[in-house]
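The chains referred to below are lettered A, B, ... by the order of the sequence lines, with proteins before strands, and numbering in each begins at 1. Note that the structure is a prediction, hence the values are computed from the model and not measured.
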Number of protein chains: 2
Amino acid sequence: MTVRENLLAESDVCPPGSTLVVPEGDFGREAGLLKVIADPTRLAILRIVAANGSVCACDLESPLGLSQPTISHHLRQLFDAGVITREKRGTWAFYAIDRDGLQAAGSPITALIQ
Amino acid sequence: MTVRENLLAESDVCPPGSTLVVPEGDFGREAGLLKVIADPTRLAILRIVAANGSVCACDLESPLGLSQPTISHHLRQLFDAGVITREKRGTWAFYAIDRDGLQAAGSPITALIQ
DNA sequence: TCCGACTATTGACAAGCATCAATATTGACA
DNA sequence: TGTCAATATTGATGCTTGTCAATAGTCGGA
């Protein structure tokens with residue numbers, strides 16, 4: 001009896017009995033949150049905001065080299081994902097890191113490392 | 001003198017002196033690694049592999065409900081990103097979590113939380 | 001009340017990507 | 001060496017998304 005035949009002895013498929021533990025979870029939601037962070041521009045925004053505490057949207061246009069609508073779009077993505085906070089003062093909008101939201105968004109990764 | 005004029009006193013732009021700290025980094029590379037993880041199917045694969053220690057590619061087709069080429073494509077993405085390892089035994093391919101790679105891929109997020 | 005500046009939204013377009021069918025490659029076994 | 005099974009690659013397609021131009025909304029100040 002070959003190694004393969006032995007492995008297949010108690011099943012009709014490939015190697016193990018294919019009795020996999022299949023964890024459940026809302027992978028779509030988790031991936032959606034991670035996808036918001038997994039973008040070069042949004043990573044740069046997060047890094048800048050984290051380094052400065054609180055940042056006005058108007059000050060991002062220059063270092064990022066992108067148009068105002070594009071930056072506004074990314075800020076909205078980050079805000080909707082709950083990883084940054086927004087505070088409006090007059091016509092200005094100040095953004096800051098939401099540490100709890102960031103930790104929650106990154107939890108699918110950290111949980112894999114234990 | 002209004003609040004705004006006071007804020008603008010020493011600059012010709014919006015609120016602060018716009019003297020932002022702008023951290024440097026390879027955001028493209030970091031985002032690329034995160035993007036590999038930020039996918040529902042690949043998150044499911046990682047979760048299954050983590051829960052079973054070592055998993056044969058052939059056993060993933062059933063729980064994921066995807067075609068064999070598609071699963072092979074995702075496994076390649078994860079392997080190239082360094083978040084899983086591959087060991088070939090005969091015609092089978094077994095995959096396992098690469099904890100160091102996963103931690104490295106997630107570091108852009110964990111670094112923001114400190 | 002009007003004007004100017006900052007921000008947000010809409011519409012459109014190009015690039016990236018997840019998916020599958022078809023095919024190629026590789027390894028075990030007779 | 002020939003055949004079969006598991007895996008990987010290629011080509012094609014539809015969907016998602018990052019980007020900008022144009023526009024709308026909003027607030028402060030004269």
Task: d(CH2, A:Trp92; C1', C:dA8) in whole Å - done: 18 Å
Task: Heavy-atom side-chain proximity of B:Ile37 to A:Leu112 below 4.5 angstrom - done: no
- [ ] Check every strand shown and say whether B:Gln77 touches a base, only sugar-phosphate, or nothing at a heavy-atom separation below 4.0 Å.
- [x] sugar-phosphate
TODO: Indicate yes or no: does A:Lys35 engage A:Glu30 in a salt bridge with an N to O separation below 4.0 Å.
DONE: no
Open item on the list: Tell me the interatomic distance from B:Lys88, atom NZ, to D:dA5, atom P, rounded to whole angstroms.
Closed with: 17 Å
Task: 5' precedence on DNA chain D between A:Gly90 and B:Leu75 (nearest-nucleotide basis) - done: B:Leu75
Task: Whole-Å gap separating P (C:dT9) and CG (A:Asp80) - done: 9 Å
Open item on the list: Tell me whether the NZ or CZ atom of A:Arg86 lies within the 45° cone about the ring axis of A:Tyr95 and under 6.0 Å from its centre.
Closed with: no
TODO: Look at the side chain of B:Asp39 and the backbone N and O of B:Thr41, then say whether any donor-acceptor pair between them is shorter than 3.5 Å.
DONE: yes
TODO: State whether A:Ser72 places a side-chain N or O below 4.0 Å from either non-bridging phosphate oxygen (OP1 or OP2) of C:dA8.
DONE: yes
Open item on the list: What is the distance, to the nearest angstrom, from the CG atom on B:Asp59 to the C1' atom on D:dA5?
Closed with: 14 Å
Task: Backbone of B:Leu20 reached by a side-chain donor or acceptor of A:Asn52 within 3.5 Å - done: no
TODO: Taking B:Ser72 for its side chain and B:Pro69 for its backbone only, find out whether a donor-acceptor pair lies under 3.5 Å.
DONE: no
Task: Spacing of B:Leu64 atom CG relative to C:dA18 atom P, expressed in whole Å - done: 14 Å
Quick test: give all pairs of protein nitrogen or oxygen and nucleotides 20-24 of chain C nitrogen or oxygen below 3.5 Å, distance rounded to 0.1 Å.
unit_1 : atom_1 : unit_2  : atom_2 : d
C:dC20 : OP2    : B:Ser67 : N      : 3.1
C:dC20 : OP2    : B:Ser67 : OG     : 2.9
C:dC20 : OP2    : B:Thr70 : OG1    : 2.6

Open item on the list: What's A:Tyr95 touching, base or sugar-phosphate or nothing? Going by heavy atoms closer than 4.0 Å.
Closed with: sugar-phosphate
TODO: Give a yes/no on whether any side-chain N or O of A:Arg76 is located under 4.0 angstrom from OP1 or OP2 of C:dT9.
DONE: yes
Task: Cationic tip of B:Arg89 above B:Phe94 ring, under 6.0 Å, 45° of axis - done: yes
Open item on the list: Just N and O in the side chain of B:His73: are any of them under 4.0 Å from OP1 or OP2 of C:dA18?
Closed with: yes
TODO: Rounded to the nearest angstrom, tell me the gap between atom NZ in A:Lys35 and atom C1' in D:dC15.
DONE: 11 Å
Open item on the list: Can you measure A:Leu78 atom CG to D:dG18 atom C1' for me and round it to whole angstrom units?
Closed with: 13 Å
TODO: Identify the two heavy atoms, one from A:Phe27 and one from B:Pro40, that lie closest to each other, and give their separation to 0.1 Å.
DONE: CB-O, 3.7 Å
Task: Length of the line joining B:Leu43:CG and C:dA18:P, which is rounded to integer Å - done: 12 Å
Open item on the list: Testing the basics here: between A:Ile109 and B:Gly106, what is the closest heavy-atom pair and its distance to 0.1 Å?
Closed with: CG2-CA, 4.1 Å
- [ ] Would you please confirm or rule out a distance under 4.0 Å between OP1 or OP2 of C:dT19 and any side-chain N or O of B:Thr41?
- [x] yes
Task: Contact under 4.0 Å: A:Arg86 side-chain N or O vs C:dA8 OP1/OP2 - done: yes
- [ ] Would you check if the side chain of B:Arg42 reaches a backbone N or O of B:Val36 as a donor-acceptor pair within less than 3.5 Å?
- [x] yes
Open item on the list: Counting Watson-Crick and G-U wobble pairs with both distances under 3.5 Å, what is the dot-bracket string for DNA chain C, 5' to 3', using [ ] for crossing pairs and | for pairs to another strand?
Closed with: ||||||||||||||||||||||||||||||
Open item on the list: Counting the atoms with a prime plus P, OP1 and OP2 as sugar-phosphate, which does B:Arg42 contact under 4.0 Å by heavy atoms, base, sugar-phosphate, or nothing?
Closed with: sugar-phosphate
